[in-house]
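Just so you know, these numbers use all the heavy atoms, side chains as well, and skip hydrogens, waters and symmetry mates. None of the values given here were measured: they were computed from a predicted structure.
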Number of protein chains: 2
Amino acid sequence: MNQRIKPTESELEILQILWQEGTTSVKCVHEKVALKRDIGYTTTLKIMQIMTEKGFCTRVLEGKSHYYTALVKEEDIQNGFIDTIVNQVFQGSAMDLVIQTLGNYKASNTEISELKQFIELMEKNQK
Amino acid sequence: MNQRIKPTESELEILQILWQEGTTSVKCVHEKVALKRDIGYTTTLKIMQIMTEKGFCTRVLEGKSHYYTALVKEEDIQNGFIDTIVNQVFQGSAMDLVIQTLGNYKASNTEISELKQFIELMEKNQK
DNA sequence: CAATAAATACGAAGCCCTTCGTACAAATTT
DNA sequence: AAATTTGTACGAAGGGCTTCGTATTTATTG
């Protein structure tokens with residue numbers, strides 16, 4: 001179960017946009033990617049075509065251009081990455097990942113109380 | 001700061017062994033890797049040579065064979081991965097990573113109290 | 001001494017990902 | 001009608017990682 005198909009870094013970048021925008025054109029995706037780094041239009045297009053082959057998204061022809069929609073859920077992809085990092089980097093200990101992340105990160109008061117609330121919920125569900 | 005040099009999956013596998021064993025020979029590393037998957041001796045050797053070039057480890061000739069030692073700290077590598085996943089997969093929200101990891105994972109009572117303790121510590125340090 | 005064993009070194013193949021250049025098609029503009 | 005624009009499709013180059021085969025060296029063993 002561990003090794004689901006993981007999107008590459010570029011694919012992830014595009015998935016983030018698809019998750020945010022819903023269904024969109026290559027042009028729209030490309031514009032957003034191009035804001036962050038230098039990249040040719042056909043590069044974005046090609047990656048999106050490959051993503052379609054891999055089943056990360058579908059596309060529909062509407063007029064002249066294609067409109068793409070993500071087929072994978074953000075949460076599932078996130079979980080895949082968590083799984084990988086826990087096993088490959090934290091020797092299987094999810095709690096180590098959690099604690100080290102918390103340790104690196106200055107949490108705000110709001111975040112801390114949210115976290116505490118979440119833990120309480122965990123405790124209740126456990127019983 | 002974000003994009004430190006990240007070891008590949010194979011390199012990570014070997015780093016785990018070096019971290020655990022301290023200074024060891026290729027033979028020893030290879031035996032441990034070979035327990036988990038099919039791999040030729042020269043493959044392990046090659047990866048360790050490349051890791052040395054990249055600065056992940058050093059080696060010392062002792063008699064006939066080389067003894068390798070990790071040069072990078074486990075914690076630093078872990079943090080690099082956390083950083084990457086937070087930015088690429090969780091849109092920069094470390095707390096989202098934490099909560100989702102906790103949600104996926106059945107924590108024991110012991111782990112939960114450890115976590116709570118850690119959070120208290122965070123709160124104190126924050127003030 | 002010859003053969004075997006134990007190591008390292010090196011190079012090349014295969015695969016995947018990224019990146020573009022170029023070609024092609026259809027519509028729009030001049 | 002010709003030229004430009006807007007899109008898609010495709011192929012190939014380049015780089016990195018993994019993998020192994022082969023060569024080489026040195027020591028050990030028969």
Side-chain angles (χ1 to χ4, degrees), chain A residues 3-18 23-69 72 77 80-81 84 88-89, chain B residues 3-18 23-69 72 77 80-81 84 88-89:
Chain A
Q3 217 47 344
R4 334 175 195 202
I5 296 160
K6 266 174 45 172
T8 67
E9 194 174 330
S10 302
E11 289 167 351
L12 208 42
E13 195 181 9
I14 290 173
L15 278 175
Q16 296 283 4
I17 296 168
L18 293 181
T23 297
T24 37
S25 63
V26 177
K27 189 184 171 197
C28 166
V29 169
H30 176 65
E31 278 167 2
K32 308 231 156 154
V33 175
L35 286 180
K36 299 197 179 175
R37 60 192 185 95
D38 241 7
I39 186 175
Y41 181 87
T42 54
T43 303
T44 305
L45 172 66
K46 178 83 172 196
I47 295 176
M48 292 178 76
Q49 287 170 344
I50 292 174
M51 288 170 71
T52 307
E53 276 173 28
K54 290 189 185 173
F56 288 131
C57 51
T58 4
R59 61 184 203 175
V60 171
L61 189 62
E62 192 140 335
K64 206 162 105 180
S65 45
H66 285 119
Y67 287 82
Y68 288 74
T69 312
V72 289
I77 297 298
F81 276 90
T84 302
Q88 286 178 9
V89 185
Chain B
Q3 215 48 344
R4 332 176 196 202
I5 296 160
K6 265 174 43 173
T8 67
E9 194 174 332
S10 303
E11 289 167 349
L12 209 42
E13 197 180 9
I14 289 172
L15 278 175
Q16 297 283 4
I17 296 168
L18 292 182
T23 298
T24 37
S25 63
V26 176
K27 190 186 171 194
C28 168
V29 169
H30 175 65
E31 277 166 4
K32 307 230 155 151
V33 175
L35 286 179
K36 300 198 178 173
R37 61 194 184 93
D38 241 7
I39 185 175
Y41 181 87
T42 54
T43 304
T44 306
L45 173 65
K46 179 81 171 198
I47 296 176
M48 292 178 77
Q49 287 169 343
I50 292 173
M51 288 170 73
T52 307
E53 277 172 28
K54 290 188 184 174
F56 289 132
C57 52
T58 2
R59 62 184 200 174
V60 171
L61 190 61
E62 193 141 332
K64 206 162 108 181
S65 45
H66 285 118
Y67 287 82
Y68 288 74
T69 312
V72 289
I77 297 299
F81 275 90
T84 301
Q88 285 178 8
V89 186

Under 3.5 Å, which donor-acceptor pairs do the side chains of residues 62-69 of chain B form with other protein atoms, sequence neighbours left out?
{"from": "B:Y68", "atom 1": "OH", "to": "B:R59", "atom 2": "NH1", "distance (Å)": "3.1"}
{"from": "B:T69", "atom 1": "OG1", "to": "B:T23", "atom 2": "OG1", "distance (Å)": "2.8"}

(message) Taking salt bridge (charged side-chain N to carboxylate O under 4.0 Å, His left out) as the definition, give me every residue that meets it alongside A:K54, ordered by chain and number, with sequence neighbours left out.
(response) A:E11
(request) Under 4.0 Å from any heavy atom of chain B: name the first and the last nucleotide of DNA chain D that qualifies, 5' to 3'. (result) D:dC17 to D:dT22
(request) Determine to 10° how strongly the helix from C:dC1-D:dG30 to C:dT30-D:dA1 is bent, judged from the axes of its five-pair ends. (result) 30°
(message) Is any side-chain heavy atom of B:L12 closer than 4.5 Å to one of B:F81?
(response) yes
(message) Which residues pass the side-chain hydrogen bond (donor to acceptor under 3.5 Å, both in side chains) test with B:K32, not counting sequence neighbours?
(response) B:E21
I'd like a table of donor-acceptor pairs (distance under 3.5 Å, sequence neighbours excluded) in which one partner is a side-chain atom from residues 46-53 of chain B, with atom names and distances.
{"from": "B:T52", "atom 1": "OG1", "to": "B:M48", "atom 2": "O", "distance (Å)": "2.8"}

(request) Only counting residues at least two apart or in another chain, list the ones meeting side-chain hydrogen bond (donor to acceptor under 3.5 Å, both in side chains) with A:Q16. (result) none
(request) Provide the closest heavy-atom pair for A:P7 versus A:I77 in the form atom of the first, atom of the second, distance. (result) CG-CG2, 3.9 Å
(message) To the nearest 0.5 Å, what is the distance between CD on B:E13 and CD1 on B:I39?
(response) 6.5 Å
(request) With sequence neighbours excluded, tell me which residues meet side-chain hydrogen bond (donor to acceptor under 3.5 Å, both in side chains) with A:T44. (result) A:H30
(message) Pick the closest DNA chain D nucleotide for B:T8 and for A:K27 by heavy atoms, then say which residue is nearer the 5' end.
(response) A:K27
(request) Mind running a 4.0 Å heavy-atom check of residues 59-68 of chain A against DNA chain D and sending the residues that fall below it, in number order? (result) A:R59, A:K64, A:S65, A:H66
(message) Among residues 40-57 of chain A, which ones have heavy-atom contacts with DNA chain C below 4.0 Å?
(response) A:G40, A:T42, A:T43, A:K46, A:I50, A:K54
